Amino acid sequence: MNDMSVLWTAVYIAMLAAFTGYVVISRIPVILHTPLMSGSNFIHGIVLVGAMVALGLATTTLEQIIGFIAVILGAANVTGGYVVTERILQMFNRSGKKPGKGT
Amino acid sequence: MVDFSYAIDPVYIATIFFFIVGLHRMSHPLTARSGIVWAGAAMLIATLATFLTPDLTNFTLIAIAIVIGGGFGYIAAKRVAMTDMPQMIALYNGMGGGAAAGISAVALLGTTATASLAVVGGLIGAISFAGSLIAFLKLQGWMRPRPITFLGQHVVNITVLALAIISGVLVVWKPSWIPLTVAMYLPLFFVLSLGFGFLMTLPIGGADMPVVISMYNAFTGLAVALDGFSFATPNYAMVVAGIIVGAAGSLLTFQMARAMNRSISNVFFGAFGATEEKGMQIRGSMKSIEADDVAVMLAYANKVIIAPGYGMAVAQAQQKVKELTDLLESKNVQVKFAIHPVAGRMPGHMNVLLAEAGVAYDHLFDRDEVNPEFPSTDVVLVIGANDVVNPAAHRQGSPLFGMPILDVDQAKDVIVLKRGQGKGFAGVENDLFYRDNTRMLYGDALESVGKLVQALKKL
């Protein structure tokens, strides 16, 4: 693929992804806004994957240091984001009605 | 040796699929909890698959960094009190932004990445990092939560942003007539970007923090997407997940700002609460009341509405409030909760706390649903809420003007549970407290509600 076709592919992907994000959120009741913000905070923890690649392909010491810090930050984003979301959502299970598993 | 790197893309595609399913499940209270588990499983396999990336080295360093960062994130998130969740979201969001900025820095020091995308990702990531950090410090109380303003602030901010963009352009363009290398512009670029993030957040008051955190959440998503695309081999897991978060976060930001009837530019440039309203005279005086008297009023009421706010969260009074509700219902008093969308420090903050205490969903009512009911309500209990019940929002010229509020002053009697005589987060005097039908029950929310419960039991 040449550079332009890669760019256009990215634009297609970005457009569909943006639409997906928009649709998924627009159905969310106010009650779930906080866990949702926390949940999307967890999902951008995928930055960890990029930080791992950055550190893994780093050659100079400076790149390694920055990459190392980036992996630490990304990993904290992942675990912290998960635990916070989980803790917030845990409360919804104890609310009188017994939610069944699945839908 | 078998090349396992072919597994990466299928795993990333599965990851994105699970992320979307997870987010979708999080959009309904009953399936919300399983949603985060789906997303968590996806993150795990994506992380493992990334180790298969061709030519990857520094495995030990990667593993050590994951253990340090992951360990910190896990322990801190487990230990922190439920009331401190908002600032933890800000903190972890900032870390994500910092990681994105770091990736950009490494990409720009090398030669294989698409520099223009990495620069934009770096700028946005650094702004998100610095801004979220300030939001964290303000919410944690390690920094004055009030807006910090100074003369010519907008000019300074715009200048710093402009310089950051110019230095970013230089990083990409590398003009030959400037005898400097990229390694020399790069620190300047990041210092300016971080500086803009700090400066941009300083003038924002605590009341606007939910909007700000949500906005930086969207920023981080965008930065992650740009970084993912800047790699020589684009990382589409980062691109798609980042864009989804960017879009979802933006929408959430607008929804929150709309709930407060404030535009995004107003949030960022309005320095909310920094200016005192001038020429405003409040007549009357605050009248205090004892818990025993409140208990009698409650016991003989037909309908009671409880309007909780940040004070309830701070005092961890939600369990006692639930007890009070049960007690009143056993006395055939109708009890409803009036939930202002931005009560507390995050949208839905009150819902979460009350759900934790076991208050059923059907007791919780949105501002628009409950406002028509106040005139027919006997007693409103305002528990640690201030700005969201401030009638000043109906008065032109007030910094709160235009913000939709809970019209609690329409009820027959209003009891305000409050720690002291201070102002709310917005720093605006609340004349609700001076109304003839308002009584103040001073004290920590947990203690006050506890006293009410005791007094009611004796009746």
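Predicted model, so just to flag it, every value in this text is computed and none were measured. Labels below follow one simple rule: chain letters A, B, ... track the order of the sequence lines, proteins then strands, and each chain is numbered from 1.
Contact annotation for B:Asn235: only side-chain heavy atoms (C-beta onward) come within less than 4.5 Å of a heavy atom of chain A. Interface residue B:Thr53: only side-chain heavy atoms are found under 4.5 Å from chain A. No part of B:Ala107 comes within reach of chain A, as not one of its non-hydrogen atoms sits under 4.5 angstrom from that chain. Heavy atoms of A:Val47 lying under 4.5 Å from chain B belong to its backbone as well as its side chain. Of the two parts of A:Leu55, the backbone and the side chain both hold a non-hydrogen atom closer than 4.5 Å to a non-hydrogen atom of chain B. Proximity to chain A involves both the backbone and the side chain of B:Ala46, based on heavy atoms less than 4.5 angstrom apart. With a 4.5 angstrom heavy-atom cutoff, B:Phe59 does not touch chain A via any of its atoms. Using a 4.5 Å cut-off between heavy atoms, B:Val67 makes no contact with chain A at all. Contact of A:Ile13 with chain B is made through the side chain alone, with heavy-atom distances under 4.5 Å. Interface remark: B:Phe72 contributes side-chain atoms only to the contact with chain A (heavy atom separation under 4.5 Å).
When each of A:Asn77, A:Asn41, A:Leu48 is checked for heavy-atom pairs under 4.5 Å with chain B, A:Asn41 comes out on top. Options A:Gly74, A:Ala70, A:Gly80, A:Ala14 differ in how many heavy-atom pairs under 4.5 Å they form with chain B, and the most are formed by A:Gly80. Between chain B and the residues A:Ala75, A:Gly21, A:Ser38, A:Gly56, the largest count of heavy-atom pairs under 4.5 Å involves A:Gly56. No other option in B:Ile339, B:Ile16, B:Val106 has as many heavy-atom pairs under 4.5 Å with chain A as B:Val106. Contact count against chain B (heavy-atom pairs under 4.5 Å) is highest for A:Ala17 among A:Ala17, A:Ala10, A:Ala54. Your options are B:Gly110, B:Gly242, B:Ala248, B:Gly249, and the one with the most heavy-atom pairs under 4.5 Å with chain A is B:Ala248. Your options are A:Val71, A:Thr85, A:Val49, and the one with the most heavy-atom pairs under 4.5 Å with chain B is A:Val49. Most heavy-atom pairs under 4.5 Å with chain A: of the set B:Thr112, B:Ile244, B:Ile68, this distinction falls to B:Ile244. Most heavy-atom pairs under 4.5 Å with chain A: of the set B:Gly94, B:Ala105, B:Gly246, B:Ser214, this distinction falls to B:Ser214. Contact tally against chain A (heavy-atom pairs below 4.5 Å) for B:Val240, B:Val80, B:Ile64, B:Asp55: the top residue is B:Val80.
Checked by atom type and distance alone, the side chain of B:Thr114 never pairs as donor or acceptor with a backbone atom of B:Leu117 at under 3.5 Å. Side-chain atoms of B:Tyr92 do not come within 3.5 Å of backbone N or O of A:Ala76 as any donor-acceptor pair. Using a distance-only test at 3.5 Å, with no hydrogens or angles considered, no donor-acceptor pair links the side chain of B:Ser132 to the main chain of B:Phe129. Judged purely by atom type and a 3.5 angstrom limit, B:Arg33 has no side-chain atom pairing as donor or acceptor with the backbone of B:Met26. Under the 3.5 Å distance criterion, the side-chain polar atoms of B:Glu369 are left unmatched by any main-chain donor or acceptor of B:Phe365. A donor-acceptor pair is defined here as one N or O able to donate and one able to accept, closer than 3.5 Å; such a pair exists between the side chain of B:Thr15 and the backbone of B:Val11.
Ring pair B:Trp38/B:Phe18 is perpendicular by interplanar angle, where above 60° counts as perpendicular and below 30° as parallel. Aromatic ring pairs are classed by plane angle as parallel below 30°, tilted from 30° to 60° and perpendicular above 60°; the pair B:Tyr236 and B:Phe229 is tilted.
The CD1 atom of A:Ile69 sits 7.5 Å away from the CD1 atom of A:Ile66 when rounded to the nearest 0.5 Å.
Of the N and O atoms on the side chains of B:Tyr12 and B:Thr50, at least one donor lies less than 3.5 Å from an acceptor on the other residue.
Looking only at side-chain heavy atoms (C-beta outward), B:Asn93 and B:Ser128 come within less than 4.5 Å of each other.
Residues B:Tyr216 and B:Phe219 bring their aromatic ring centres within 6.0 Å.
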